[in-house]
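Only one structure is covered here, and it is reproduced in the block below.
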Amino acid sequence: MFSSFSAPSTRRRGAVRLAAGTLVSGLVAAGVLAIAGVAAADGIPQSEGGATATTVGLKTYGAAVVHNDGADEQVSAGLFEMSVDNGGTLQTYCIDIHTPTQNDAKYHETPWSGTSLSGNKNAGKIRWILQNSYPQVNDLAALAAEAGAKGLTEQAAAAGTQVAIWRYSDGADVEAVDPQAEKLADFLEKHARNLSEPAASLTLDPPAVSGHPGELLGPVTVHTNAENVTVAPPTDATASGVKVVDKGGKEITSATDGSRVYFQVPKKAQAGSAELTVQASTTVPVGRAFASETRSQTQILAGSSESTVSATATANWAKTGAIPALSAEKDCAKDGVDITAVNKGDEAFTFSPLGTEYTIEAGKTQTVTIPLQEDQAYDFTIKGPGGDEKWFKGVLDCETDSSTGGLTTQTLSEPSPAMAGDTTAADTNLAETGTSNATPIIAGTAIALVVLGGAALLLVRDKKAPTQD
């Protein structure tokens, strides 16, 4: 058995606000429709839980050639490094060859259903490749012997692994420049088999609950691969009287996988909301997807140090009227964002994101899909029963460019790997892998730069799946 990647650990919140007669809700890219969250107030997308990290750069890589519509293009292929919020390091590969990686982009651990892996019958083979190649297998001599790739270096191993992944994630016609890296890519592609999606490092289910003062609101179940998690009570919990407790009403400060926690709200409490946060230190499972808050290459985890992971849940309460608990997640199978609403009140709750009205009757639970177009940015508010409102924004990124018919590849004048940064600079760098710093091999080939903004791109799918022996 080969040893796994392990990097040294290098370096996450609860809030409560009570407002008489006010319940606020808002849509996020993938997480909670918070009804009075600090992050929500600033329009910051909330994740479903797990690790949140920022791109550091492309650290271990080699060269590859993409064959696209009769043109050959050289690109960088290899491992990214990410810095985890509040401590930890991740290594990732790209699963969207034609999309640039934005400089210092913020990424959230995300289910496959919210990425381009949704509906990809080969997604499980990518996980197999990750588990059976570099850096999970860091005995390069053993890996080289298995693949018949003599003298395999770290750079060649990373390039070969990335090339094999692209063949399944993007259906790309791509090969490694280094002969040994190409042998590894062919070996991995040939032997890969489908594995199931790994569970999240940490989530809370459901991420939002509601009810009446004097009740235990919940349960909220903890799901994690960590040995235990710390439970942070809502901010100002002492003043408000809101506590986080177990089923018996005992206040808790820690929990384990499968634990069920509740919000205990005083019977005389005015209408309001609270948020609890759970946090742990653990390794993130290999194969977890990471999606950006912006239009930046989707990544998939290849290795994790001990890292900080967290998740939040909200509770909303009132004596009368609509009492909604809402959660949301991107649903690439439906080309939109799913909003699940549980109305524990005695009146209907109505909201109108992007101009379409939805009504959740009293005592009912309903999931509605807000339809979006690929690459469409959404930016809107949802008003609560009390007239307050919160602003949220995000972008739907569910397809690889190759799956939409071969969108024109982005290129740079410089062949060295680089990140997207200041677009006003003369030497602007737009990405790190794939087309990140592509240099055309065929002389005179000029490939146009595609600017991906908030508007939707209506593209036709034509994804070519790799053949298997």
Side-chain angles (χ1 to χ4, degrees), residues 58 61-80 92-101 110 112-130 133 158-177 181-182 184-186 188-190 192 194 197 287 289-292 295-302 332-333 374-375 396-411 417 430-438 447 450 452 457 459-468:
L58 186 66
Y61 60 92
V65 176
V66 180
H67 307 291
N68 186 23
D69 294 332
D72 289 346
E73 180 182 11
Q74 184 167 302
V75 299
S76 297
L79 274 170
F80 285 88
T92 61
Y93 286 105
C94 156
I95 52 173
D96 191 353
I97 192 172
H98 291 291
T99 299
T101 299
T110 305
W112 289 359
S113 60
T115 72
S116 59
L117 295 178
S118 175
N120 183 340
K121 65 180 181 180
N122 292 312
K125 293 182 179 180
I126 297 172
R127 187 186 180 197
W128 185 95
I129 291 171
L130 293 165
S133 191
T161 305
Q162 177 66 90
V163 166
I165 289 171
W166 278 333
R167 292 173 183 175
Y168 284 123
S169 65
D170 294 68
D173 184 1
V174 57
E175 59 185 338
V177 171
E182 177 63 11
L184 176 60
D186 289 343
L188 295 171
E189 180 186 10
K190 180 178 179 180
N194 269 308
E197 178 180 1
F290 278 78
S292 175
R295 188 70 170 89
S296 187
Q297 282 180 330
T298 304
Q299 306 280 321
I300 193 162
L301 188 71
C332 288
E374 178 66 8
D375 295 324
L396 189 72
D397 183 10
C398 291
E399 298 176 353
T400 63
D401 290 338
S402 58
S403 72
T404 61
L407 187 64
T408 302
T409 307
Q410 301 182 15
T411 63
L430 290 178
E432 285 209 8
T433 61
T435 56
S436 35
N437 30 63
I447 306 180
V450 177
L452 300 175
L457 298 178
L459 304 171
V460 179
R461 298 190 183 193
D462 183 21
K463 186 167 184 177
K464 178 181 179 182
T467 58
Q468 292 294 298

Subject >> CD-NE2 distance between Gln297 and His98, expressed to the nearest 0.5 angstrom >> reply: 10.5 Å
Original post:
Are any side-chain N or O atoms of Gln162 and backbone N or O atoms of Tyr93, one a donor and one an acceptor, separated by less than 3.5 Å?
Top reply: no
Subject >> Identified side-chain contact (heavy atoms from CB on, under 4.5 Å) partner of Ile97 from the options Val66, Asn68, Ile165 >> reply: Val66
**OP:** Locate the shortest heavy-atom distance separating Thr92 from Gln299; write the atom from each residue and the value.
**Re:** OG1-OE1, 2.9 Å
Original post:
Under 3.5 Å, is there a donor-acceptor pair between the side chain of Glu374 and the main chain of Glu399?
Top reply: yes
Subject >> Partner residues of Ala185 under the side chain to side chain contact (heavy atoms under 4.5 Å, CB included) criterion, sequence neighbours left out >> reply: Val163, Ala164, Arg167, Glu182
Original post:
Say you draw a straight line from CG of Leu117 to SG of Cys398; how long is it, rounded to the nearest 0.5 Å?
Top reply: 10.5 Å
Subject >> Nearest-0.5 Å distance, CH2 of residue Trp166 to OG1 of residue Thr400 >> reply: 12.5 Å
Subject >> Separation between CG of Asn120 and CG of Asp170, rounded to the nearest 0.5 Å >> reply: 9.0 Å
**OP:** To the nearest 0.5 angstrom, please state how far the CG atom of Leu301 sits from the CG atom of Leu130.
**Re:** 8.0 Å
Subject >> Atom of Ser118, atom of Ser113 and distance for their closest heavy-atom approach >> reply: CB-O, 3.7 Å
Original post:
To the nearest 0.5 Å, what is the distance between CZ (Arg295) and OG1 (Thr101)?
Top reply: 10.5 Å
Original post:
Any donor-acceptor pair under 3.5 Å linking the side chain of Trp128 with the backbone of Leu188?
Top reply: no
Original post:
Would a distance-only check, ignoring hydrogens and angles, find a side-chain to backbone donor-acceptor pair under 3.5 Å from Asp72 to His67?
Top reply: no
**OP:** Name all residues meeting the side chain to side chain donor-acceptor pair (under 3.5 Å) criterion together with Thr298; count only those two or more places apart in sequence or in a different chain, and write none if there are none.
**Re:** none
**OP:** Give the minimum heavy-atom separation between Glu197 and Trp112, together with the two atoms involved.
**Re:** OE2-N, 2.8 Å
Original post:
Got a sec, which residues hit side chain to side chain donor-acceptor pair (under 3.5 Å) with Thr115, two or more places apart in sequence or on another chain?
Top reply: none
Original post:
Taking all atoms of both residues into account, what is the closest heavy-atom pair of Val174 and Ala64, and its distance?
Top reply: CG2-CB, 4.0 Å
Original post:
Ser296 and Asp397: which non-hydrogen atoms are nearest, and at how many Å?
Top reply: O-OD2, 3.9 Å
